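Model, not experiment: these values are computed from the prediction.
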Amino acid sequence: MMAPQQDIPVAANVLGTIGTILWCVQTIPQIWTNWRTKKTDGLPGSMMYLWALCGVPFGTYNIVQRFNYPLQVQPQAFMALCLVNWCQILLYHNKWVIWKVILIGVVNAVVFAGVQAALILTLQPLYDAGQDTGILVVGIIANILLAVGLLPPYGEIWKRRGRVIGINFVFLSMDWLGAFFSLMSLAAQNSFDALGGALYIVCIFLETGIFLSHVIWLLRTWKVRKEAASRGKTFDDIAAEHEEQGIRFKFAERKYSKRVEERENDVEMGANPDQSHTPQDSAMNDTQEDRADAPRRDAEASVPNERKS
């Protein structure tokens, strides 16, 4: 843990300003994409919420450490824009009504701001007195939240065999560059803060993995997509054709289980998933019921015969 920054070099301020500008507008392309398509498939809500939550310890750490002013503003903009994205996911994917989305978004923003203010007022005097344990813990929590927030997209990537959908690559590129310039800003200060730098390094590393995953998927599916384009179709059209015909498609989305998929289809068709069965199942059940009733029918038939005798 380094001492609070007193004299900030010009280069650190310039680099920090570039990083802050990028992180202040980074999610605007994603917000616009969400609004234009009215869907957020492939964009995990947990990612955006954890990133918004990360802004609380992230902002506390940067302010208490007295980083250059752009880096102090940066977490606040980052937190606000991530909350907007999260609210869009609630609206478009979870189908919440708009007033509930606005209400929960405002409540979360107020709580986050209050917690951050309380942390700053509590930790600043302690840090200035040389007790850095508290701010160290806050910095570690910020790193953990940022890293964990970037893990849900990898679940979506696994599901789609490396393909990235729902995430705007302009947003991802700006986020990557924002982290890079912010990291360079820390390096340009009189002393480099390892914990603060680790936050940006984690972001760069995990986002690079997302880029590489999609590039590899594009290379692997090049022939399929080329053939689809020659037929005036898309990759998704080809995947849908294979599924309809029951033909195995090695680039098809992974399913959690066949039973889960069947239950989801039953619900979508308005059927009771617990009572779903095939015609063969119905015939088998009817046969079993007939066999079970046979002794009862025989006993009833024997009653008139006994009366006659």
Side-chain angles (χ1 to χ4, degrees), residues 1-31 48 50-85 109 112-113 115-117 119-121 123-124 127-128 132 134-147 149-150 168-208 211:
M1 182 68 65
M2 67 182 186
Q5 296 288 320
Q6 301 296 336
D7 182 27
I8 306 296
V10 175
N13 268 313
V14 171
L15 291 168
T17 300
I18 295 173
T20 297
I21 291 173
L22 286 168
W23 271 28
C24 283
V25 299
Q26 59 166 337
T27 59
I28 291 178
Q30 184 67 56
I31 292 171
M48 284 301 168
L50 286 170
W51 272 15
L53 186 61
C54 167
V56 175
F58 183 20
T60 301
Y61 187 84
N62 285 12
I63 292 173
V64 172
Q65 285 275 57
R66 294 193 179 91
F67 286 171
N68 54 78
Y69 288 117
L71 290 188
Q72 294 185 32
V73 174
Q74 184 188 84
Q76 322 311 324
F78 179 70
M79 177 169 52
L81 291 174
C82 287
L83 270 178
V84 172
N85 271 278
F112 287 176
V115 171
Q116 184 179 115
L119 286 172
I120 293 171
L121 293 174
L123 296 176
Q124 188 73 71
Y127 184 65
D128 291 343
D132 56 9
I135 196 62
L136 177 63
V137 172
V138 166
I140 292 173
I141 292 173
N143 277 276
I144 292 174
L145 289 174
L146 182 70
L150 275 169
N168 186 294
F169 280 99
V170 175
F171 144 64
L172 201 64
S173 299
M174 294 174 69
D175 191 67
W176 191 97
L177 288 171
F180 175 77
F181 279 105
S182 298
L183 179 64
M184 294 300 100
S185 174
L186 288 180
Q189 293 187 153
N190 294 324
S191 55
F192 181 78
D193 182 73
L195 190 57
L199 186 146
Y200 298 117
I201 291 172
V202 167
C203 183
I204 291 170
F205 177 76
L206 291 176
E207 287 181 347
T208 299
F211 279 116

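D128 is listed as a side-chain neighbour of R66, based on a closest heavy-atom distance under 4.5 Å. Contact check for N62 versus Q76: no side-chain heavy atoms found under the 4.5 Å cut-off. The shortest distance between side-chain heavy atoms of I18 and I21 does not fall below 4.5 Å. Using a 4.5 Å cut-off on side-chain heavy atoms (C-beta onward), P70 and N13 make contact. Taking 4.5 Å as the limit, some side-chain heavy atom of F78 sits within range of a side-chain heavy atom of C82. For the pair I28/V25, a side-chain contact is recorded, criterion being any heavy-atom separation below 4.5 Å from C-beta on. Two residues are said to be in side-chain contact when any heavy atoms from C-beta on lie closer than 4.5 Å; W176 and L172 fail this criterion.
Side-chain atoms of Q26 never come within 3.5 Å of backbone atoms of L177 as a donor-acceptor pair (strictly under, hydrogens ignored). Between the side chain of T60 and the main chain of V56, a donor-acceptor pair closer than 3.5 Å is present.
Note that CG of L119 is 8.5 Å distant from CD1 of I141, once rounded to the nearest 0.5 Å. One finds the OH atom of Y61 at 9.0 Å from the CD1 atom of I140 (value rounded to the nearest 0.5 Å). For the atom pair L206 CG and I201 CD1, the distance stands at 12.0 Å (nearest 0.5 Å). With rounding to the nearest 0.5 Å, the separation of SG in C54 from CD1 in I144 is 10.5 Å. Note that CZ of F171 and CG of L22 are 12.5 Å apart. Values are rounded to the nearest 0.5 Å. Atoms CE and CG, on M48 and N85 in that order, are 4.0 Å from each other to the nearest 0.5 Å.
What you find for G55 and Q116 is that their closest heavy atoms are O-NE2, 3.1 Å. Across all their heavy atoms, P57 and V138 have their closest contact at O-CG1, 3.3 Å. N143 approaches A198 most closely through the heavy-atom pair OD1-C, 3.1 Å. Shortest non-hydrogen contact noted between F58 and A142 is N-CB, 3.7 Å. Nearest approach of L15 to A188, heavy atoms of both residues: CD1-CB, 4.1 Å. The two residues F169 and F211 come nearest to each other via the heavy atoms CD2-CE2, 3.6 Å.
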> Would Q65 and Q72 satisfy side chain to side chain donor-acceptor pair (under 3.5 Å), going step by step from the backbone distance to the final call?
Replying inline: CA-CA 9 Å; Q65 285 275 57; Q72 294 185 32; over 6 Å; no
> Does the pair M79 and W51 meet the rule for a side chain to side chain contact (heavy atoms under 4.5 Å, CB included), with working shown?
Replying inline: CA-CA 7 Å; M79 177 169 52; W51 272 15; over 6 Å; no
